[in-house]
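Heads up, the thing below is written out as structure tokens.
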Amino acid sequence: MEKVVIVGASGHAKVCIDILERSGGYEIIGLLDSLKPKGLNVFGYPILGDFSVIPDLLENNSGLEFFVAIGDNWIRHQVVQSLKKFHPKAIFVNAIHPDAIIGKGVELGNGVMIMAGSIINADSILGDFTIVNTRSSVGHESILNKFSSLAPNCTLGGNVEVGEYSAISLSSTILNGRKIGKHTIVGAGSLLTKDAEKFAVYYGVPAKFIRQREKGDKYL
């Protein structure tokens, strides 16, 4: 059994717990969250404290691994960087639901979450700490760069590229071959028919440029 500590203790962490339990092969030691009371239980697993407890956890759990269960892409990046300061050699597991379909030739980075009913088609690449949410589909040879995410029920055509830290919102569709710049948001229910520039918000059917955005702007 691989011993895992989950970072974060909100709804995204609950989904992670469910996936790891269903996958088998994982022993969840507990959760780390600086904003929740130590000792509080989430689905029966204790909140162990903040990152300051990592040295004790490593001493008592040989081969301990981590999963960062934070939904916001930029905050997830910041949490990963903070964790690495406490534990530079940290190993991050992937949380892949047994009901997800992973095609031939797919490449997965570290710390990836793929939720129930999702399909990752042949020769696609999911970078480190990406999220493919419930019932989303990634077309063949598409790329999700690090810390990007798909919300539930998104559809990417083939050869789509999603930039670092970008988020495709609920039930959006991206046509074949489109390129989405980094730190960009495609709003819920949108149909993106053209490439999307970086640091921008797009919305509508067809999706149009709405405004510029700054690194780390809230979208959840």
Side-chain angles (χ1 to χ4, degrees), residues 2 4 6 8 11-26 65-73 76-77 80 91-193 195-196 207 219-220:
E2 297 182 56
V4 179
I6 296 171
H12 201 69
K14 292 178 179 179
V15 177
C16 179
I17 289 170
D18 181 55
I19 291 173
L20 294 181
E21 286 183 340
R22 290 173 183 269
S23 299
Y26 297 99
E65 300 171 318
F66 297 85
F67 187 88
V68 178
I70 305 291
D72 182 282
N73 293 338
R76 186 164 68 260
H77 160 81
V80 168
I91 296 173
F92 298 92
V93 302
N94 291 336
I96 302 174
H97 197 284
D99 289 339
I101 298 174
I102 311 296
K104 189 171 183 177
V106 169
E107 297 181 20
L108 301 178
N110 300 310
V112 172
M113 177 179 272
I114 303 175
M115 297 188 194
S118 293
I119 303 172
I120 316 298
N121 278 295
D123 273 349
S124 291
I125 299 172
L126 273 57
D128 293 344
F129 304 103
T130 51
I131 298 170
V132 178
N133 228 299
T134 309
R135 294 182 62 191
S136 282
S137 175
V138 177
H140 62 83
E141 301 166 283
S142 290
I143 301 171
L144 271 63
N145 286 291
K146 64 181 183 180
F147 293 100
S148 63
S149 61
L150 305 183
N153 204 39
C154 289
T155 301
L156 303 189
N159 294 288
V160 169
E161 182 170 359
V162 180
E164 298 174 0
Y165 309 100
S166 291
I168 312 303
S169 302
L170 284 156
S171 297
S172 292
T173 299
I174 314 299
L175 294 191
N176 289 359
R178 301 305 85 177
K179 309 296 182 186
I180 298 168
K182 62 183 180 181
H183 293 280
T184 284
I185 306 299
V186 177
S190 296
L191 171 63
L192 187 71
T193 61
D195 291 352
Y219 64 91
L220 291 177

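Each residue takes its place number in the sequence, starting with 1. Computed from a prediction, not measured in an experiment: that's the story for all the values here.
From S149, atom OG reaches atom CG of L126 across 11.0 Å, with rounding to the nearest 0.5 Å. Here I168 contributes atom CD1 and T184 contributes atom OG1; the two are 8.5 Å apart, rounded to the nearest 0.5 Å. Summarising the geometry, atom CG belonging to L144 is positioned 10.5 Å from atom CD1 belonging to I131; distances are rounded to the nearest 0.5 Å.
Annotation: K179, atom NZ; neighbour count of heavy atoms from other residues, nucleotides and ligands within 6.0 Å is above 12.
For A69, the side-chain contact (heavy atoms from CB on, under 4.5 Å) partners at least two apart in sequence or on another chain are I6, H12, A13, C16, F67. Taking A207 as the reference, S190, L192, Y202 meet the side-chain contact (heavy atoms from CB on, under 4.5 Å) condition, with sequence neighbours excluded. Residues passing the salt bridge (charged side-chain N to carboxylate O under 4.0 Å, His left out) test with D18, sequence neighbours excluded: R22. A188 meets the side-chain contact (heavy atoms from CB on, under 4.5 Å) test with S169, L170; sequence neighbours excluded. For N176, there are no side-chain contact (heavy atoms from CB on, under 4.5 Å) partners two or more places apart in sequence or in a different chain. For Y26, there are no side chain to side chain donor-acceptor pair (under 3.5 Å) partners at least two apart in sequence or on another chain.
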Would you tabulate the side-chain donor-acceptor contacts of residues 94-107 under 3.5 Å, counting partners in other chains and residues two or more places apart, or write 'none'?
| residue | atom | partner | partner atom | Å |
| --- | --- | --- | --- | --- |
| N94 | OD1 | G111 | N | 2.9 |
| N94 | OD1 | V112 | N | 2.8 |
| N94 | ND2 | G109 | O | 3.1 |
| H97 | ND1 | D99 | N | 3.0 |

Please tabulate, for the side chains in residues 151-162, all donor-acceptor contacts under 3.5 angstrom to protein atoms that are two or more places apart in sequence or on a different chain.
| residue | atom | partner | partner atom | Å |
| --- | --- | --- | --- | --- |
| N153 | ND2 | S171 | OG | 3.2 |
| E161 | OE2 | N145 | ND2 | 3.0 |

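The two residues G187 and S172 have their closest heavy-atom pair at O-OG, 2.7 Å. For the pair G71 and Y219, the tightest heavy-atom approach, listed with the atom from each and the gap, is O-OH, 3.6 Å. The shortest non-hydrogen separation linking R76 to I70 is NH1-O, 2.9 Å.
Considering L150, T193, I180, L191 as possible partners of I174, the one that fulfils the side chain to side chain contact (heavy atoms under 4.5 Å, CB included) test is I180.
Every pair passing ring pair (Phe, Tyr, Trp, His ring centres under 6.0 Å) that includes a residue from residues 152-181 is listed here, sequence neighbours excluded: W74-Y165, H77-Y165, F147-Y165, Y165-H183. Within the structure, no pair that satisfies the side chain to side chain donor-acceptor pair (under 3.5 Å) test touches residues 113-139, not counting sequence neighbours.
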